[in-house]
2 protein chains.
Amino acid sequence: MAKKKQIGQRQSRQRDTILQAIGEADGPLLAQTIHEQAKRRVPNLGIATVYRTIKLLLEHQRIQPVVLSDGQTRYELVGLGHHHHFRCRVCERVYDLPGCMLSISDGAQLPGGFQVEAHEVTLIGVCPGCA
Amino acid sequence: MAKKKQIGQRQSRQRDTILQAIGEADGPLLAQTIHEQAKRRVPNLGIATVYRTIKLLLEHQRIQPVVLSDGQTRYELVGLGHHHHFRCRVCERVYDLPGCMLSISDGAQLPGGFQVEAHEVTLIGVCPGCA
DNA sequence: GTTAGTGCAAAGGCTTTGCACTTCA
DNA sequence: TGAAGTGCAAAGCCTTTGCACTAAC
């Protein structure tokens with residue numbers, strides 16, 4: 001059952017670095033950003049390795065995809081608890097927001113017979129750094 | 001100022017049909033779905049024309065893109081009023097939901113200095129047809 | 001030594017663009 | 001007729017895959 005650190009069958013500097021980059025961020029990251037971050041530590045890291053590692057991490061449920069209204073897919077660690085996202089329209093960065101501000105709960109039934117199982121909320125605006 | 005029906009400089013059966021397909025839907029549509037719908041009336045309609053028309057309609061602010069967590073871009077008419085979306089995890093169709101169920105309003109300031117200007121909510125679950 | 005993991009380059013899927021043909025005004 | 005609009009096919013962008021090489025174990 002041990003699988004806290006090990007991702008594939010072998011340990012590799014590339015994978016450790018990629019996972020570290022995702023874990024150190026204060027919000028979900030683009031594949032491209034992960035690549036740039038990880039390259040600082042593993043200079044000749046290929047983008048294909050980033051995508052392969054992302055796929056592996058998704059399969060192992062260590063990370064999850066976050067797709068917001070800009071259409072780009074970002075990735076964040078699982079186990080962050082229930083939270084939502086804030087996207088800065090200036091710098092396009094995405095931040096985690098703890099807690100929930102939705103007035104309807106999962107499990108509710110909407111008029112018309114729509115059964116709600118989950119929800120997503122994104123706030124859009126300007127982040128402190130860009131204000 | 002007149003531009004209620006006219007999209008480009010000339011009228012064309014293709015554009016009218018594409019706009020009609022988007023307008024008749026009960027939720028935002030994929031480019032592919034728009035193409036399929038419109039092809040019923042204009043059989044040899046090319047996908048490039050669909051994308052060009054979408055682009056034109058976006059520029060003219062007649063439609064707007066809707067990107068949900070499945071990563072696919074859909075399009076809906078503007079002027080539907082404030083609303084959110086429901087995505088069925090079974091059939092992957094997206095429906096409009098009137099009203100708002102968010103407990104924080106645009107214009108609010110979040111702890112940390114995040115200025116909220118807009119928001120998006122998506123409910124995920126099972127639609128009446130798939131239940 | 002085996003073979004998982006990697007980098008490069010080619011291939012795929014969706015969207016955009018170039019170009020010659022069609023059609024509206 | 002003149003240019004906007006269209007269809008086809010080629011090109012682009014991001015992501016995935018094939019293949020030979022590298023490096024964990």
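Note that the coordinates shown come from a computational prediction; the quantities given were computed from them, not determined experimentally. Convention: sequence-line order gives letters A, B, ...; per-chain numbering from 1. Note: hydrogens, waters and symmetry copies are ignored here, and every other heavy atom, side chains too, is used.
Between the CD atom of B:E59 and the P atom of D:dG5 there is a distance of 12 Å, given to the nearest Å. For A:Q72 and C:dC14, the CD to P distance is 18 Å, given to the nearest whole Å. Separating the CD atom of B:E36 from the P atom of C:dC14 is a distance of 12 Å, rounded to the nearest angstrom. Regarding A:I34, its CD1 atom lies at a distance of 14 Å from the C1' atom of D:dC14, rounded to whole Å. Separating the CG atom of B:L56 from the C1' atom of D:dT6 is a distance of 13 Å, rounded to the nearest angstrom. When the P atom of D:dT17 is taken as reference, atom CZ of A:R52 falls 10 Å away, rounded to whole Å. Taking atom CD1 of A:I47 as the reference point, atom C1' of C:dA10 lies 16 Å away to the nearest angstrom. Distance, A:H35 NE2 to D:dC14 P: 13 Å, rounded to whole Å.
For the pair A:I18/A:I22, a side-chain contact is recorded, criterion being any heavy-atom separation below 4.5 Å from C-beta on.
Between B:R15 and the phosphate of D:dT6, there is a side-chain N or O to OP1/OP2 separation shorter than 4.0 Å. Between A:Q14 and C:dT6, a side-chain N or O to OP1/OP2 separation shorter than 4.0 Å is present. OP1 or OP2 of D:dT6 sits under 4.0 Å from a side-chain N or O of B:S12. In this model, the phosphate group of C:dT2 is not approached by any side-chain N or O of A:R10 to a distance below 4.0 Å at OP1 or OP2.
Residues B:H84 and A:H119 keep their aromatic ring centres 6.0 Å or farther apart.
Residue-level contact check: A:L45 touches the backbone only, with heavy atoms under 4.0 Å from sugar-phosphate atoms and none from bases.
Nearest-nucleotide assignment on DNA chain C puts the 5′-proximal partner with A:Q11, out of A:Q11 and B:Q9.
One cannot find a donor-acceptor pair under 3.5 Å joining the base of D:dG5 and the side-chain atoms of B:R13.
Within 6.0 Å of atom CD in B:Q61, 12 or fewer heavy atoms from other residues, nucleotides or ligands are found, so the atom counts as exposed in its surroundings.
Listed nucleotides D:dT17, C:dG7, C:dC19 differ in distance to A:N44; the shortest reach to its side chain belongs to C:dG7.
Distance alone, capped at 3.5 Å, is enough to place a donor-acceptor pair between the B:T17 side chain and the B:R13 backbone.
Taking each heavy atom of B:I63 and B:L58 in turn, the nearest pair found is O-CD2, 3.5 Å.
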